[in-house]
Amino acid sequence: MDKHINEATWSADPESEEWNADNNWEPAMVPTNIAVFSTSCKTAIGFSAKSEANIGAIQFSEEAPSYNFTIIKSADKPALTIEGDGILNDSPHIQSFNVTSKGFSFRHPQLEFKNEASAGGHNVSYYAGPESLDKGYGGGIIGFSDQATAGKAAFTVRTGAAAPPSENSTVGAEVSFTDNSNAGFARFMIYGTLGEDGDTFGNTVFHDNASASHGVFTNIGGTVPKGDGGNTQFYDNSSAAYGVFNNYGGNIAESNGGDVAFDGVANGGNAQFYNRVAEAEGAYGGVTSFNNNPPYVESAGASAGHALLHNYGAVQAGQGGGGHTEFTAKYGCPTAGNAHIFNYGSAISSKSSAGHTIFSISLPTDYFPTAGNAVFYNYPALAAGGAAGFTEFAVYDSGKGSNVPTAGNGTFFNLGGTQLDAYGGYTSFSGTSSAGNAKLIANSGVNGGNGGRIIFMDDSSGGSASIQLFGNGTLDLSLHYGSLTIDELESNGGIIRSRLGTNLTCINLTKGLSMRKSCVEFVFSGQDQKGFELNTSYTILTAPNLSDFSENQFLAKHFEGIKPTFSIVGNLLQVSFMETE
């Protein structure tokens with residue numbers, strides 16, 4: 001006798017609420033291909049802890065009420081596997097699937113979609129998380145494999161307030177995509193830590209060659225001190241594709257923002273990322289990070305692809321850290337690829353409250369991040385006293401390492417302030433980081449605003465970069481040690497800020513200087529104001545075409561009874577300091 005039946009309908013008056021019981025179906029056998037749900041007096045469906053259910057498709061007729069399917073079974077095999085067409089809901093009512101079991105790993109989900117199965121349309125919802133948010137921990141796993149898709153369904157992913165047992169720790173409930181599966185046009189709400197264990201949070205994860213497709217992901221900011229926000233993670237060769245990602249900032253002091261993390265050699269595709277400001281003072285903003293988590297990558301690293309990344313700053317008092325993007329290179333060599341990254345200014349003074357992008361390493365390491373061919377827009381502060389948006393290249397610690405963060409072939413627009421005394425956006429290089437082959441532009445402020453800035457500090461290198469200065473846009477070398485070499489400097493006005501003293505920074509231009517306006521202004525500042533000799537010439541700029549210019553095209557203001565005077569000697573621009581009468 002055949003123990004399998006192709007199609008069956010859930011009974012209008014079943015004996016129990018268990019999927020796996022034959023007598024609950026018409027005809028009386030659990031189907032293996034198509035399960036049909038229409039009218040019934042029992043609409044809360046459960047699954048046996050001793051059986052696995054496999055089905056090709058679940059169909060809800062036009063007459064079907066809302067059904068609620070709950071999986072509490074914890075095992076290394078799915079309680080329900082859907083491996084045909086998936087979920088089809090012709091009813092006007094929402095159909096719900098809840099996975100509240102204990103999770104094991106993404107390779108062992110409790111609800112699995114295989115082959116080309118779909119999770120259904122906008123009228124199907126899924127919950128992965130504990131049965132009780134207050135007393136539970138972790139949560140189950142919904143898995144997509146092969147070429148399955150999340151369709152247009154809605155997903156909620158949570159964790160509980162209780163800490164998971166150490167012998168089987170979990171980051172919380174999870175929706176996982178493996179192989180070549182994709183998120184379709186689905187919507188995901190992902191929540192963070194609820195208890196004292198800050199390492200537990202809801203998670204949506206892409207492995208292998210999986211794709212976010214056109215999914216919309218909302219990673220909610222942390223709601224408890226030191227707790228994480230919701231997380232979306234890309235590993236291996238997975239891609240964010242055309243997804244939309246909203247990473248909200250923390251909602252209470254010391255909480256972290258929601259985040260998207262790219263590790264392995266995962267790619268940002270053509271996705272859009274919105275990293276938002278923390279709503280509470282002392283909390284951290286939403287973040288997108290690259291190669292900040294294991295595993296180690298032998299070569300290359302994660303890429304931002306052709307993505308658009310928006311990092312927002314605070315717009316009012318009482319808000320916390322700004323949205324940010326991090327290329328941290330802890331486990332690989334990430335790149336900004338061909339992305340466009342927008343760092344917005346803040347209305348408050350804290351630097352971290354502005355939108356920002358950071359390329360950094362901690363020595364010693366063999367990994368380093370690069371800006372690739374990306375384009376960056378660093379916006380000004382929203383008002384005087386506010387913090388400007390910025391891009392930063394930094395090297396931490398004092399260990400050895402020859403590979404450092406580099407601006408690559410990136411283009412950086414540092415936009416001037418639009419309000420009186422508002423700071424302009426900036427790009428900074430510190431430690432031994434390098435400007436690479438980048439194009440660095442400092443635009444003028446308007447309405448009394450300060451210009452955009454390009455800042456070199458410490459022993460950072462200019463590489464083969466080219467710099468353009470407009471109006472009161474500024475190249476700031478006041479905290480740089482020794483000379484700085486770049487390819488070209490184009491001045492359409494502009495300010496060059498240099499440190500006073502015997503160690504005046506010299507700018508070496510290997511290709512030359514161009515001036516669209518008649519003059520460029522030098523500003524001398526620093527603590528070493530008595531470290532120079534009067535009436536002694538100091539070289540502050542070299543260029544192979546410097547003889548095309550005259551010394552009266554270089555200006556500097558008097559300070560404390562000292563008058564700077566310029567002279568051109570061959571390819572050298574020199575300054576000497578004389579006492580005024």
Side-chain angles (χ1 to χ4, degrees), residues 10-11 14-25 30-31 35 37 40-55 58 60 65-83 86-87 94-114 117 119-120 124-145 150 153-165 167-176 188-191 194-195 197 200-205:
W10 183 254
S11 175
E15 293 183 2
S16 70
E17 297 177 332
E18 186 177 314
W19 173 293
N20 309 83
D22 290 343
N23 291 336
N24 291 334
W25 298 91
V30 177
F37 288 85
S40 177
C41 65
K42 289 184 173 64
T43 58
I45 313 299
F47 295 84
S48 170
K50 299 180 180 179
S51 303
E52 291 93 41
N54 291 74
I55 196 71
I58 300 176
F60 298 91
S66 290
Y67 279 85
N68 196 320
F69 299 79
T70 300
I71 296 174
I72 61 174
K73 172 187 176 182
S74 295
D76 61 356
K77 292 184 179 180
L80 176 63
T81 300
I82 303 171
E83 50 193 356
I87 309 296
I94 301 293
Q95 309 302 334
S96 302
F97 292 81
N98 304 302
V99 182
T100 61
S101 53
K102 184 179 179 181
F104 285 89
S105 79
F106 70 93
R107 298 292 185 190
H108 301 284
Q110 287 75 54
L111 171 60
E112 183 174 20
F113 292 84
K114 298 179 65 175
V124 184
S125 71
Y126 295 84
Y127 170 82
E131 190 173 3
S132 168
L133 293 178
D134 294 332
K135 300 178 180 180
Y137 66 87
I141 298 174
I142 301 171
F144 294 83
S145 59
F155 293 79
T156 299
V157 191
R158 305 203 67 145
T159 189
E167 68 271 14
N168 190 27
S169 182
T170 174
V171 296
E174 183 174 303
V175 177
S176 67
F188 300 81
M189 291 289 292
I190 307 154
Y191 292 84
L194 289 182
D197 182 2
T200 62
F201 45 85
N203 213 13
T204 299
V205 191

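Keep in mind that this is a model prediction, so the values were computed, not measured. Position 1 is the first residue of the sequence, and the numbers go up from there.
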Value rounded to 0.5 Å, distance of CG in Asn98 from OH in Tyr126: 11.0 Å
Please report, to 0.1 Å, the donor-acceptor pairs under 3.5 Å made by any side chain of residues 14-23, with sequence neighbours excluded.
from	atom 1	to	atom 2	distance (Å)
Ser16	OG	Glu18	N	3.3
Ser16	OG	Asn24	ND2	2.8
Asn20	OD1	Ser48	N	2.7
Asp22	OD1	Val30	N	3.2

Geometric class of the Phe37/Trp25 ring pair [parallel <30°, tilted 30-60°, perpendicular >60°]: perpendicular
side-chain contact (heavy atoms from CB on, under 4.5 Å) between Thr81 and Glu52, intermediate numbers included: CA-CA 8 Å; Thr81 300; Glu52 291 93 41; over 6 Å; no
Minimum-distance pair of heavy atoms, taken over all atoms of Ser40 and Ser11: OG-O, 2.8 Å
Validation row: Ile87, Gln95 side chains within 4.5 angstrom (heavy atoms): no
Under the side chain to side chain donor-acceptor pair (under 3.5 Å) test, residues paired with Ser145 that sit two or more places apart: Glu112
Heavy-atom pair of closest approach, residues Ala150 and Ala119: O-CB, 3.5 Å
Residues in side chain to side chain donor-acceptor pair (under 3.5 Å) contact with Thr100, at least two apart in sequence or another chain: none
Test item: Thr156 and Ser125 side chains (from C-beta on) under 4.5 Å apart, heavy atoms: no
Close side-chain approach of Ile82 and Leu111, heavy atoms under 4.5 Å: yes
Nearest-0.5 Å distance that lies between atom CG in Asn203 and atom OG1 in Thr159: 10.0 Å
Criterion ring pair (Phe, Tyr, Trp, His ring centres under 6.0 Å) against Phe155, the qualifying member of Phe188, Tyr127, Phe97: Phe188
Over all atoms of both residues, closest heavy-atom pair of Val157 and Glu174: CG1-N, 3.9 Å
Taking every non-hydrogen atom, the tightest pair across Val99 and Ile141: CG1-N, 3.8 Å
Heavy-atom side-chain contact between Ile55 and Leu80 under 4.5 Å: yes
Backbone N/O of His108 and side chain of Gln110: donor-acceptor pair under 3.5 Å: yes
Verdict with reasoning, Ile190 to Phe201, per side-chain contact (heavy atoms from CB on, under 4.5 Å): CA-CA 8 Å; Ile190 307 154; Phe201 45 85; over 6 Å; no
CD1 (Ile72) with more than 12 external heavy atoms under 6.0 Å: no
Flag side-chain contact, heavy atom, 4.5 Å: Ile45 against Trp10: yes
Thr70 side chain to Gly46 backbone, donor-acceptor under 3.5 Å: no
Met189 CE to Thr204 OG1 distance, which is reported to the nearest 0.5 Å: 11.5 Å
Minimum heavy-atom distance between Asp134 and Ala161, given as atom pair plus value: O-CB, 3.5 Å
